[in-house]
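Notes to accompany the following structure.
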Amino acid sequence: MARSDEAASFFIAVYNAVQEIPEGKVTSYGHIAKLIGTQKLIRKAAQRPRQVGICLKHLSHDPGARHNSGNVPWQRVINSKGMISPRSQPSGARNQAAALRAEGVTVSTDALGELSVDFAEYGWFPDSLPSEEASEEQEWVSGSESE
DNA sequence: GGATTGACGACAT
DNA sequence: AATGTCGCCAATC
């Protein structure tokens with residue numbers, strides 16, 4: 001099992017999780033990492049929020065790719081403080097804000113020009129992926145499901 | 001192929 | 001409350 005395979009799995013898991021974020025909702029990089037962490041497949045996933053950002057950064061713009069900027073709602077992922085990461089290129093963050101506003105999310109701008117979203121209103125933080133059981137190998141044992 | 005960077009986050013000062 | 005430090009590890013010098 002090469003580490004590169006594990007890395008690839010991580011990318012897939014991230015894109016898969018991000019696609020679960022409902023339109024008009026947002027979550028954090030850290031939460032995506034945590035959700036992936038519930039799946040044993042990937043090592044220390046819950047401790048790698050940065051890698052989640054890397055995944056989105058490298059999200060393909062090729063419409064033909066399995067996961068691309070068109071079918072993965074990357075804009076719904078912001079940092080744990082509820083703010084769109086300023087990062088290197090301001091236009092990128094602004095573009096993200098525009099994409100969120102387009103789907104009904106209110107993005108506030110403070111005096112410093114930092115963009116933020118109210119988690120209380122738009123946050124999406126489930127304990128696990130809604131379709132986690134449906135899409136994965138689904139090899140857990142049935143019998144002890146307690147609601 | 002070693003060193004730095006970074007769409008982050010938790011904890012320590 | 002506001003910085004600083006460290007862990008994580010793929011990508012990029």
Side-chain angles (χ1 to χ4, degrees), chain A residues 1-140:
Chain A
M1 209 57 125
R3 291 175 282 300
S4 52
D5 289 335
E6 187 178 294
S9 298
F10 184 83
F11 269 66
I12 301 301
V14 168
Y15 296 146
N16 194 38
V18 172
Q19 289 179 318
E20 296 296 327
I21 307 173
E23 185 178 317
K25 293 290 183 180
V26 298
T27 192
S28 68
Y29 297 99
H31 193 75
I32 292 296
K34 187 179 299 183
L35 289 177
I36 294 172
T38 63
Q39 304 176 14
K40 350 282 192 193
L41 204 55
I42 301 162
R43 164 199 324 202
K44 298 179 181 171
Q47 304 171 205
R48 309 193 267 172
R50 300 191 84 155
Q51 265 30 306
V52 173
I54 291 176
C55 291
L56 299 183
K57 176 181 174 185
H58 288 273
L59 189 53
S60 175
H61 287 64
D62 174 20
R66 174 152 92 146
H67 298 291
N68 59 68
S69 54
N71 62 26
V72 177
W74 58 273
Q75 70 273 21
R76 296 176 197 154
V77 186
I78 59 183
N79 68 29
S80 67
K81 307 179 203 87
M83 309 196 308
I84 295 174
S85 299
R87 86 181 183 255
S88 43
Q89 197 170 107
S91 56
R94 237 184 47 76
N95 180 34
Q96 182 170 3
L100 287 173
R101 284 168 174 146
E103 46 185 72
V105 176
T106 297
V107 180
S108 314
T109 308
D110 68 11
L112 301 174
E114 294 179 287
L115 304 160
S116 63
V117 175
D118 181 10
F119 277 150
E121 187 68 31
Y122 304 102
W124 183 79
F125 299 96
D127 288 339
S128 61
L129 293 168
S131 55
E132 180 176 302
E133 53 250 50
S135 68
E136 274 303 323
E137 302 300 318
Q138 186 181 352
E139 56 182 325
W140 71 51

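Proteins come first, then strands; the chains are lettered A, B, ... in the order of their sequence lines, and each starts at number 1.
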I need the [atom1]-[atom2] distance between [X] and [N], as an integer number of Å.
X: A/Y29; N: C/dG7; atom1: OH; atom2: P; answer: 23 Å
X: A/Q47; N: C/dG7; atom1: CD; atom2: C1'; answer: 8 Å
X: A/L112; N: C/dA2; atom1: CG; atom2: P; answer: 11 Å
X: A/K44; N: C/dC9; atom1: NZ; atom2: C1'; answer: 10 Å
X: A/L115; N: B/dA7; atom1: CG; atom2: C1'; answer: 13 Å
X: A/L59; N: C/dA10; atom1: CG; atom2: P; answer: 18 Å
X: A/M83; N: C/dA2; atom1: CE; atom2: P; answer: 11 Å
X: A/L35; N: B/dC8; atom1: CG; atom2: C1'; answer: 15 Å

**OP:** When you get a sec, tell me which of B/dA7, B/dC8, C/dT12 is the closest nucleotide to the side chain of A/P49?
**Re:** B/dC8

Original post:
Which listed nucleotide (B/dA7, C/dA11, C/dC9) is nearest to the side chain of A/L56?
Top reply: B/dA7

Nearest-0.5 Å distance, [atom1] of residue [X] to [atom2] of residue [Y]:
X: A/S85; Y: A/E114; atom1: OG; atom2: CD; result: 10.0 Å
X: A/R94; Y: A/R101; atom1: CZ; atom2: CZ; result: 8.0 Å
X: A/L56; Y: A/H67; atom1: CG; atom2: NE2; result: 11.5 Å

With respect to the phosphate group of [N], does any side-chain polar atom (N or O) of [X] fall under 4.0 Å of OP1 or OP2?
X: A/S80; N: B/dG9; result: yes
X: A/S85; N: B/dC8; result: yes
X: A/H31; N: B/dG9; result: no

**OP:** Please evaluate the base of C/dC8 for a donor-acceptor partner in the side chain of A/Q51 within a cut-off of under 3.5 Å?
**Re:** no

Original post:
So does A/R50 reach the base of C/dG7 with its side chain, donor to acceptor, closer than 3.5 Å?
Top reply: yes

**OP:** Tell me what A/F10 touches on the nucleic acid: a base, only sugar-phosphate, or nothing, going by heavy atoms under 4.0 Å.
**Re:** nothing

Original post:
So what does A/R48 hit on the nucleic acid, given a heavy-atom distance under 4.0 Å: a base, only sugar-phosphate, or nothing?
Top reply: sugar-phosphate

Original post:
Are the side chain of A/Q96 and the backbone N or O of A/V77 linked by a donor-acceptor pair below 3.5 Å?
Top reply: yes

**OP:** Classify the ring geometry between A/H31 and A/F125 as parallel (under 30°), tilted (30 to 60°) or perpendicular (over 60°).
**Re:** perpendicular

